[in-house]
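I have placed the structure first, in the form of structure tokens, so that the comments after it can refer back to it.
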Amino acid sequence: DPLKGKIRNADIKQIAGELPNWQLVANQLGMGYQVIEGIETNRTPAEQGVAFLNRWIFRDETAATYKKLIEVLMSLGEQGAAEHLATLGQQPPMQQPPVGVSVDPLKGKIQGPDIRRIAGELPNWQLVATELGMGYQVIEGIVNNHRAAPTVEFLHQWIGNNGADATYEKLIEVLKSLGERGAAERIERICKQGQKPPPQPQPLPEPLPPPQPQPLPEPLPPPQPQP
């Protein structure tokens, strides 16, 4: 059933346009007041719906399905929006690039395993967050509530709110605009290292053949009696 699949990035903007009240949907999906308020900060209504969906998909991953969202809309009495979403979810996904066509890894969404390494390269995460459109209240909340690893939390929130638009390339552009060329180059290396295939195991050497038994020497003839 395609409706049990994770919501596709290509459908997010269209789905956001179908949501009559994304805040109510977010509340039904377990998002707290502070998270919803953070999404509303410094965004247009159209951007808020997209940011909410990206945040939910980032949080729930494969559990963020068309079916789950349809169930919530039905429970809220939004039959029309649920039907539109069901139609969209059953459409075939967009074709992927043909095999052999390379895609620039810098244009890809920042991957989870790279987040901590990238956090260690950011000289001033608050300035980067401001350049990426995060409001003062959101930044202040990160500072106050995530003292152990605020830079990691900033990256999680940015990726969660922006989904496929939270790319290595975008972060590198912001760092360069701030004069942080060294940090930009290091993040580019992190991205490209993450794209390398894992090393292939080396084949084991052929086992040596078992030693062949050596033939026993011929026994000496018995001594002849002397005349």
Side-chain angles (χ1 to χ4, degrees), residues 6-7 9-10 12-13 16 22 26 31-62 64 102-199:
K6 178 181 175 182
I7 289 176
N9 286 333
I12 287 174
K13 286 187 178 179
W22 72 262
M31 285 192 179
Y33 170 75
Q34 287 185 324
V35 176
I36 293 173
E37 189 178 48
I39 292 172
E40 291 174 328
T41 304
N42 296 330
R43 289 188 176 90
T44 66
E47 292 170 341
Q48 291 171 15
V50 172
F52 146 63
L53 288 170
N54 280 321
R55 179 88 179 191
W56 174 51
I57 294 166
F58 182 78
R59 185 193 72 182
D60 289 12
E61 297 184 344
T62 55
S102 62
V103 177
D104 184 356
L106 294 175
K107 296 183 183 298
K109 176 182 171 182
I110 291 175
Q111 299 300 303
D114 291 340
I115 288 176
R116 287 192 176 274
R117 294 179 63 196
I118 290 172
E121 300 294 348
L122 296 182
N124 186 328
W125 72 264
Q126 294 99 324
L127 194 55
V128 175
T130 301
E131 289 294 311
L132 287 168
M134 276 195 176
Y136 170 74
Q137 289 181 325
V138 177
I139 294 173
E140 186 178 42
I142 294 172
V143 171
N144 293 334
N145 300 322
H146 301 275
R147 296 181 186 277
T151 311
V152 172
E153 177 60 23
F154 145 62
L155 288 169
H156 276 298
Q157 289 202 23
W158 177 54
I159 296 166
N161 289 337
N162 292 275
D165 292 329
T167 64
Y168 297 88
E169 183 177 59
K170 179 63 177 176
L171 187 56
I172 288 168
E173 287 174 357
V174 168
L175 287 167
K176 288 180 177 178
S177 74
L178 295 172
E180 298 291 350
R181 185 164 295 275
E185 291 173 353
R186 290 190 292 274
I187 289 172
E188 185 172 347
R189 285 198 295 271
I190 288 171
C191 170
K192 291 180 177 178
Q193 287 168 1
Q195 300 295 322
K196 290 180 180 178

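A quick note: this is a predicted structure, and the numbers were derived from the prediction, not measured. These values consider heavy atoms only, across backbone and side chains, with no hydrogens, waters or symmetry-generated copies.
From Asn9, atom CG reaches atom CG of Leu53 across 10.5 Å, with rounding to the nearest 0.5 Å. Taken to the nearest 0.5 Å, the CD1 atom of Ile139 stands 3.5 Å off from the OG1 atom of Thr130. Taking CD1 from Ile172 and CD from Glu188, the interatomic distance works out to 5.0 Å, rounded to the nearest 0.5 Å. Remark: Ile118 CD1 to Gln111 CD distance equals 9.5 Å, nearest 0.5 Å.
Within a 6.0 Å radius of CD in Gln137, no more than 12 heavy atoms belonging to other residues, nucleotides or ligands are found.
Looking only at side-chain heavy atoms (C-beta outward), Leu155 and Leu122 come within less than 4.5 Å of each other. Counting heavy atoms from C-beta on, the side chains of Ile57 and Lys6 come closer than 4.5 Å. At a threshold of 4.5 Å between non-hydrogen side-chain atoms, the residues Leu171 and Trp158 count as touching.
In this structure, the side chain of Glu61 does not engage the main chain of Arg59 through any donor-acceptor pair within 3.5 Å.
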Gln126/Phe154 under side-chain contact (heavy atoms from CB on, under 4.5 Å): CA gap, chis, key distance, verdict: CA-CA 8 Å; Gln126 294 99 324; Phe154 145 62; over 6 Å; no

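Taking a cutoff of 4.0 Å between a charged side-chain nitrogen and a carboxylate oxygen, Glu185 and Arg181 do not qualify as a salt bridge.
For the salt bridge (Lys or Arg N to Asp or Glu O under 4.0 Å) test, no residue two or more places apart in sequence or in another chain qualifies with Glu131.
Ring geometry for His156 against Phe58 counts as tilted: the plane angle lies between 30° and 60°, on a 0 to 90° scale.
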